[in-house]
Amino acid sequence: TQSTWGLRQKKQLDQVISERDILGTQLVRRNDELALLYEKIKIQQSILNKGETQYNQRLQDIQMLKLEIKKLRREKVILQKTVANVDDLRREVYHLQRELLRERTRCKALEEELENPMNVHRWRKLEGSDPSTYEMIQKIHALQKRLINKTEEVVEKELLIQEKEKLYVE
């Protein structure tokens, strides 16, 4: 019975050693799996951190773009007001040019009259003056006035033509 007991003990010992070996192998596998899982967790954490960093960067980019949009909208409003003023200023320049040309024409006519004085009222009427000369002087004055008016009309029409040419070119 001692030998059977020894055999039983040996069998139990072999069984316990076999179970120990199996459990050791399983433990090694579990440790390997655990190490793999820790490695995956590290990778996932790294990816998460990079994603968070990129997300925060995108939020900053969005904030910067919003500020840029506000700035551009302000500039647009300012430019629209400026464009409206440009049209008014063009009209004003056009009218001032016309007025300048009118004044230049009037100045030229006065210079010509100064060079060739024909103002009857400056002279005293002499006894026995020739009435035909007086009529001639009046006629010259009338013709000069007509010439001045026609010159002004020509100048205005030239300005209109220039303005239309500018508009056509634009």
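Keep in mind the model is a prediction, meaning the values are calculated, not measured.
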May I ask you to test the Gln97-Leu100 pair for a side-chain heavy-atom distance under 4.5 Å? no

Side chains of Ile161 and Lys164: does their closest heavy-atom pair fall under 4.5 Å? no

Mind checking salt bridge (charged side-chain N to carboxylate O under 4.0 Å, His left out) for Arg74 and listing every partner two or more places apart, or none if nothing turns up? none

Measuring from atom CG of Leu65 to atom NZ of Lys70, what distance do you get when rounded to the nearest 0.5 angstrom? 13.0 Å

Can you tell if the side chain of Leu160 reaches within under 4.5 Å of the side chain of Tyr94, non-hydrogen atoms only? yes

Shortest non-hydrogen contact from Thr105 to Thr151? CG2-CG2, 3.5 Å

Donor-acceptor pairs under 3.5 Å, side chain of residues 23-32 to any protein atom, not counting sequence neighbours: which ones?
| unit_1 | atom_1 | unit_2 | atom_2 | d |
| --- | --- | --- | --- | --- |
| Thr25 | OG1 | Asp21 | O | 2.8 |
| Arg30 | NH1 | Glu33 | OE1 | 3.3 |

Using a side-chain heavy atom cutoff under 4.5 Å and only I, L, V, M, F, W and Y, what cluster partners does Leu59 have? Tyr55

What's the spacing between Ile69 CD1 and Lys71 NZ if we round to 0.5 Å? 12.5 Å

So how far is it from Leu13 CG to Ser18 OG, rounded to the nearest 0.5 Å? 11.0 Å

Side-chain donor/acceptor of Thr82 to backbone N/O of Ile78, under 3.5 Å: yes

Considering residues at least two apart in sequence or located in another chain, which fulfil the salt bridge (charged side-chain N to carboxylate O under 4.0 Å, His left out) criterion with Arg104? none

Sequence-distant partners of Leu72, side chain to side chain contact (heavy atoms under 4.5 Å, CB included), two or more places apart: Glu68, Glu75

Excluding Ile43, membership of its hydrophobic cluster (Ile, Leu, Val, Met, Phe, Trp, Tyr; side-chain heavy atoms within less than 4.5 Å) reads Ile47

For Glu156, enumerate each residue passing the salt bridge (charged side-chain N to carboxylate O under 4.0 Å, His left out) test, keeping only those at least two apart in sequence or located in another chain. Arg98, Arg102

Under the rule for side chain to side chain contact (heavy atoms under 4.5 Å, CB included), what residues qualify as partners of Gln162, not counting sequence neighbours? Leu159

Partner residues of Arg20 under the side-chain hydrogen bond (donor to acceptor under 3.5 Å, both in side chains) criterion, sequence neighbours left out: none

Please identify each residue that fulfils side chain to side chain contact (heavy atoms under 4.5 Å, CB included) with Leu48, with sequence neighbours left out. Gln45, Glu52

Sequence neighbours excluded, the answer for salt bridge (charged side-chain N to carboxylate O under 4.0 Å, His left out) partners of Glu103 is Arg106

Rounded distance (nearest 0.5 Å) linking atom CD1 of Ile137 with atom CD of Gln144: 10.5 Å

Is the shortest side-chain heavy-atom distance between Gln80 and Lys76 below 4.5 Å? yes

Sequence neighbours excluded, the answer for side chain to side chain contact (heavy atoms under 4.5 Å, CB included) partners of Gln57 is Gln60, Asp61

Pair Val93, Arg90 - check side-chain contact (heavy atoms from CB on, under 4.5 Å), show working. CA-CA 5 Å; Val93 165; Arg90 277 189 183 154; 5.7 Å; no

CD1 (Ile148) and CD (Glu153) are apart, to the nearest 0.5 Å, by 12.5 Å

Indicate yes or no: at least one non-hydrogen side-chain atom of Lys108 is less than 4.5 angstrom from one of Glu112. yes

Rounded at 0.5 Å granularity, tell me how far CG in Leu34 sits from CD1 in Ile41. 8.0 Å

